[in-house]
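I have placed the structure first, in the form of structure tokens, so that the comments after it can refer back to it.
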Number of protein chains: 4
Amino acid sequence: MKFTKNSPIYIQIKDYIIMKILKKKWEPEKRIPSIRDLAVTLEVNPNTVMRAYSELEDDNIIYNKRGIGYFVEENALDKVIEREKEKFFEKQLPKIFKKMELLDINFAQIKKYYEKIE
Amino acid sequence: MKFTKNSPIYIQIKDYIIMKILKKKWEPEKRIPSIRDLAVTLEVNPNTVMRAYSELEDDNIIYNKRGIGYFVEENALDKVIEREKEKFFEKQLPKIFKKMELLDINFAQIKKYYEKIE
Amino acid sequence: MKFTKNSPIYIQIKDYIIMKILKKKWEPEKRIPSIRDLAVTLEVNPNTVMRAYSELEDDNIIYNKRGIGYFVEENALDKVIEREKEKFFEKQLPKIFKKMELLDINFAQIKKYYEKIE
Amino acid sequence: MKFTKNSPIYIQIKDYIIMKILKKKWEPEKRIPSIRDLAVTLEVNPNTVMRAYSELEDDNIIYNKRGIGYFVEENALDKVIEREKEKFFEKQLPKIFKKMELLDINFAQIKKYYEKIE
DNA sequence: GTGGTCTAGACCACC
DNA sequence: GTGGTCTAGACCACA
């Protein structure tokens, strides 16, 4: 996997995991790769994966069974969707609108653009 | 001016300057504040302003007349608008659309949201 | 290392690094000294080394692995040679020839001089 | 006139004047442009031209008649040629040879290049 | 451990 | 006055 240099790798790994859950590749109550394995897969230091896992554990997206591994929380999908939606509407969208105003881009242009790639 | 701690101050200063140009407060071929002056205004170390100026000079947004000061490039406004628009349509918008798809948000919702804050 | 005062130290450090690469002391894909270490070696402030490294990174001569250090780009040697050769033939040599003409120095004299120091 | 940003403007003006003398545009015992005039021609601050003139005066390349203007020294041409030749053989040429060695360029290549542009 | 950012302050060349 | 370079030293995020 290729990481951008704009944001910390552990954040990008968090996003990667959230994506897996959203896309239902990693399902509730199922075990996810061990820190070690994922570190190998992503070509990254295990500490870095560890940090991502820890934060997701704090967020109650995944949980740890000691000696066994990490698992996706039962209601992880809903929680993730809700969280991402909120972030989307509260943070990202307003930023986009502000930029549109600044650059004098109107909604019709966006729509056209949207339909084109649809 | 208040700086967020999410991104480096010198980047925020770059954005500040680009904003000035976009809003036509700082016009092409006109001299912009000296490094020292802006540093005082923004309550920041001159080195930090310098770094912002240097990078904008590399981007051909501003230029330096030795011993005199920095000036806005003649075509800076166009360049800035074009650059920001491209970034918007090529980078930000696709990201938004991808997220919409993932979160199962349709365009109507966005529009409603947009009209509300309008 | 001794620095001349004709040009900025960070430029001289860049040249120092390019020399290392040209002379194959620092090889492609190998890690180069950390900023701090080189700063100690060269008896210079870390910021100054940092500046040299940053510019060489912009030039794609070296790259950074976060938290690990700087590495020589795979094709750095070729790139450096090519770049220096181009500079030599396009910039330096014509300047020399122009000067020769102006000072009425012919090629034979140069050759003699060259053989003497050979 | 266009100035490079590699060296101070006043140095470039000195070179400009030396060129004029070498090319015999400005001849011994003849008056050269006033500081003011040259400043206008070169689109430069008079102080900058002044500095160039002063240094050339120190070098006995030009001299000043108070209230009248600056003049080229009688033996300026010889002096300039000698000085430039020395600089050429002592400074520039060795630098070139060192670079040739480093880049593995041999004399034959230079010669070929030279004959091509001849 | 690594690099990246920032400050405070100095010194210098140049215009 | 202008910018450019450099130092010393601090603090922080990241791997």
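Chain identifiers are assigned alphabetically (A, B, ...) following the order of the sequence lines, protein sequences preceding nucleic acid strands; residue numbering begins at 1 within each chain.
- Nearer the 5' end of DNA chain F, as judged by each residue's closest nucleotide, is the contact made by B/Arg66, out of A/Ser7 and B/Arg66.
- When rounded to the nearest whole Å, the span between CD1 of C/Ile32 and C1' of E/dG1 equals 16 Å.
- The separation between C/Met50 atom CE and F/dC6 atom C1' is 14 Å, rounded to whole Å.
- The phosphate of F/dC6 has neither OP1 nor OP2 within less than 4.0 Å of any side-chain N or O from C/Arg51.
- Phosphate proximity of F/dC6 to C/Thr48: absent, as no side-chain N or O sits under 4.0 Å from OP1 or OP2.
- With rounding to whole Å, D/Asn6 atom CG is found 12 Å from F/dT5 atom P.
- For B/Arg36 against F/dG3, a side-chain-to-base donor-acceptor contact under 3.5 Å is present.
- Annotation: of the two residues near DNA chain E, B/Glu43 and C/Asn64, the 5′-most nearest-nucleotide partner is C/Asn64.
- For C/Tyr10 and F/dT5, the shortest distance from a side-chain N or O to OP1 or OP2 is below 4.0 Å.
- Protein atom CG of B/Asn45 is 13 Å distant from nucleotide atom C1' of F/dT7, rounded to whole Å.
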Show, in sequence, the C-alpha distance, side-chain angles and deciding distance for C/Glu74 and C/Tyr63, and conclude whether the side chain to side chain donor-acceptor pair (under 3.5 Å) test is met. CA-CA 10 Å; C/Glu74 197 197 331; C/Tyr63 67 94; over 6 Å; no
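- In this structure, B/Ile9 atom CD1 and F/dC12 atom P are separated by 13 Å, rounded to whole Å.
- Residue B/Tyr53 places no side-chain N or O under 4.0 Å from the OP1 or OP2 atom of F/dG3.
- Contact between D/Arg83 and D/Asp59 at its shortest, heavy atoms only, is NH1-OD2, 2.8 Å.
- Across the interface with DNA chain F, nearest-nucleotide mapping of B/Gly69 and C/Ile68 shows B/Gly69 to be the residue nearer the 5′ end.
- When each of B/Val44 and C/Ile35 is assigned the nucleotide of DNA chain E bearing its nearest heavy atom, the one mapping closer to the 5' terminus is C/Ile35.
- Picking from E/dG3, F/dT2, E/dC14 the nucleotide with the shortest atom distance to the side chain of D/Pro8 gives E/dC14.
- Look at C/Lys65 and C/Glu57 and you find no salt bridge, because none of the NZ, NE, NH1 or NH2 atoms lies under 4.0 Å from a carboxylate O.
- With rounding to whole Å, B/Glu55 atom CD is found 11 Å from E/dC6 atom P.
- In terms of phosphate contacts, B/Tyr70 brings a side-chain nitrogen or oxygen within less than 4.0 Å of OP1 or OP2 of F/dG4.
- For the pair A/Lys14 and A/Glu55, the salt-bridge criterion is met [side-chain N within less than 4.0 Å of a carboxylate O].
- Nucleotide F/dG4: paired with E/dC11 (Watson-Crick or G-U wobble, both distances less than 3.5 Å).
- Between D/Ile11 atom CD1 and E/dC15 atom P there is a gap of 9 Å when expressed in whole angstrom units.
- Here the P atom of nucleotide F/dG9 and the CG atom of B/Asn47 are 17 Å apart, to the nearest Å.
- A salt bridge is defined here as a Lys NZ or Arg NE, NH1 or NH2 lying under 4.0 Å from an Asp or Glu carboxylate O, and B/Glu84 with A/Lys99 meets this definition.
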